[in-house]
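First the structure, in the form of structure tokens, and then the observations on it.
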2 protein chains.
Amino acid sequence: MSGDNIIDGKAFAAEVRARVKAQVDRLVAEHGLKPGLAVVLVGEDPASQVYVRNKAKQTVECGMRSDEIRLEATATQEEVLAVVDRLNADPGIHGILVQLPLPDQIDESAVLDRIDPDKDVDGFHVVNTGRLQIGLPALTPCTPRGCMMLLHDRLGDLSGKHAVVVGRSNIVGKPMAMLLLHANCTVTIAHSRTKDLPGLCRQADIVIAAVGRPKFVQGDWIKEGAAVIDVGINRIPKEDGKTRLVGDVDFEAAVGHAGLITPVPGGVGPMTIACLLANTVTAACMAAGIPEPQVTA
Amino acid sequence: MSGDNIIDGKAFAAEVRARVKAQVDRLVAEHGLKPGLAVVLVGEDPASQVYVRNKAKQTVECGMRSDEIRLEATATQEEVLAVVDRLNADPGIHGILVQLPLPDQIDESAVLDRIDPDKDVDGFHVVNTGRLQIGLPALTPCTPRGCMMLLHDRLGDLSGKHAVVVGRSNIVGKPMAMLLLHANCTVTIAHSRTKDLPGLCRQADIVIAAVGRPKFVQGDWIKEGAAVIDVGINRIPKEDGKTRLVGDVDFEAAVGHAGLITPVPGGVGPMTIACLLANTVTAACMAAGIPEPQVTA
């Protein structure tokens, strides 16, 4: 095992951010367009605060405008919707992200539906879901977009490859399947009801594991040389009573078969914020009616 | 060959219409709700006129309100949009169908996008596409809905079956894949770039052929006992200089392997209008906030 087949997600995310920064520099220089991302945080959840802070930091580092809107944990539904409406109307804001979870008194789906689909950088709005399926220009969910960037980066053209997506969630499995299909892969969507999942996975040139079950995909399910993208993040107990993170793939068993594999942690995870920034650039370009600048990292 | 495996689409469509009529009778009796379908025809295209007449006749036979709105071939974009707006606002109309093709001066996609998604009985609107993918209540395209009705009718629960959808169009392949996925099938979407399509089809418990290529799917691609749904309608020349219709499947070669197969003509085709009527009932029930009446044919 040389380890050459193991993706360094942290390094790849840094590459993506460098590309985003180069795009932003060109948008500012050539079009006077500075992409802006607004993050809405309701309440004092400590994990959310860390996450929002990291997003703001990386947004600024890429040369973009970063707005943080904080509301008390006691905020009403109307107050949160009023913030979304104001951001929808702000021409300097191209992406809006409402940090989840929201307090119990707030109807999450009503808030997310209120976001202008053209500013929906999470890509979960029904209109973006529809646009993605139809093949219209769309904002796509961050994690699937990141996985596609990685696959294109390492494998180039994906045309004709057989991709097996294990898991059919709205935030990963289904949009991932659509993106792979548009990249001309043959796509199989498998799930808990699938018969002979090992045999199905063994046919795959690309396996996407997104089921949320620790070490579910076994090493001998992987065809020699296949690309394995592990989207799972599962916390399991260690012998010392602490916990550790593992993915949906039995990494130690699969790494000897895969031509390419993402570890957990340090694989897909670090790419998510980078793709949020990439989505903000996409949204800004779509709003301005200009193509995204092509840059190299 | 007993022929028991050959679906009579005309008879099945009649069953669906009978079910729709029974649903309409119950909606009228129990809720005072009479579903209404409006068809908009622009110009004098003879084929469209025949099709619109058939729709109106079947709509009335099922006990529903049928409106036909005819505009001159010289109608402007604004005139067509004004008709759509008026129908969107009419509480007695639950389904709107704009007959295609439209004259050259009319922007088709602008007209279709203008239809209220809740009245979009064709199921092609971006919002319905998104709802379908997410798994929200949606109006689904007629042909895929008809294929699902047929499969459920003959096979019952589809859970765990491997369905191979050959073709990835927005009007058949992709919505079909989503419906099969929601029915707990393992779903593979294949297309022109797929490698070893014969081998892939041979794994399928259900083959959906929707590529638009005459007799493309060969008999020896079909696993013994598999269900074969042929959505293709292709006109090919006969020896006498006339033409005939064939599907995307080599029917004569496949019928000996399939456990269930739809012929062309007389298979999926006749079901389309029946499913349009079923969609109008669905739209009326969704608008009224009541569940669809469960009836037997």
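Here is how names work: the chains are called A, B, and so on, in the same order as the sequence lines, proteins then strands, and each is numbered from 1. Any value given below was found using the heavy atoms of this structure, including those in side chains, with hydrogens, waters and symmetry copies removed. What you are looking at is a predicted structure, and each value in this text was computed from that prediction instead of being measured.
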Contacts of type side-chain contact (heavy atoms from CB on, under 4.5 Å), residue Ala82(B), not counting sequence neighbours: none
List the residues meeting side-chain contact (heavy atoms from CB on, under 4.5 Å) with Ala227(B), not counting sequence neighbours, and say none if there are none. Leu151(B), Leu155(B), Ile206(B), Leu260(B)
By a 4.5 Å heavy-atom criterion (distance strictly below it), what part of Pro175(B) contacts chain A: side chain, backbone, both, or neither? both
With a 4.5 angstrom heavy-atom cut-off, could you sort out which part of Leu197(B) is near chain A: side chain, backbone, both or neither? neither
Heavy-atom neighbours of Leu81(B) CG exceed 12 at 6.0 Å: yes
Present all donor-acceptor pairs from chain B to chain A with distances below 3.5 Å, rounded to 0.1 Å.
residue   : atom : partner   : partner atom : Å
Gln133(B) : O    : Lys174(A) : NZ           : 2.5
Ile134(B) : O    : Asn170(A) : ND2          : 3.0
Ser159(B) : OG   : Arg193(A) : NH1          : 2.7
Arg168(B) : NH1  : Leu181(A) : O            : 2.9
Arg168(B) : NH1  : Asn184(A) : OD1          : 2.9
Arg168(B) : NH2  : Asn184(A) : OD1          : 2.8
Asn170(B) : ND2  : Ile134(A) : O            : 3.0
Lys174(B) : NZ   : Gln133(A) : O            : 2.5
Lys174(B) : NZ   : His182(A) : NE2          : 3.2
Leu181(B) : O    : Arg168(A) : NH1          : 2.9
His182(B) : NE2  : Lys174(A) : NZ           : 3.3
Asn184(B) : OD1  : Arg168(A) : NH1          : 2.9
Asn184(B) : OD1  : Arg168(A) : NH2          : 2.8
Cys185(B) : O    : His191(A) : NE2          : 2.7
Thr186(B) : OG1  : Thr194(A) : OG1          : 2.8
Val187(B) : N    : Ile189(A) : O            : 3.2
Val187(B) : O    : Ile189(A) : N            : 2.7
Thr188(B) : OG1  : Thr188(A) : OG1          : 2.6
Ile189(B) : N    : Val187(A) : O            : 2.7
Ile189(B) : O    : Val187(A) : N            : 3.2
His191(B) : NE2  : Cys185(A) : O            : 2.7
Arg193(B) : NH1  : Ser159(A) : OG           : 2.7
Thr194(B) : OG1  : Thr186(A) : OG1          : 2.8
Gln203(B) : OE1  : Gln203(A) : NE2          : 3.0
Gln203(B) : NE2  : Gln203(A) : OE1          : 3.0

Please rank Ala190(A), Cys185(A), Ala177(A) by heavy-atom pairs under 4.5 Å with chain B and give me the top one. Cys185(A)
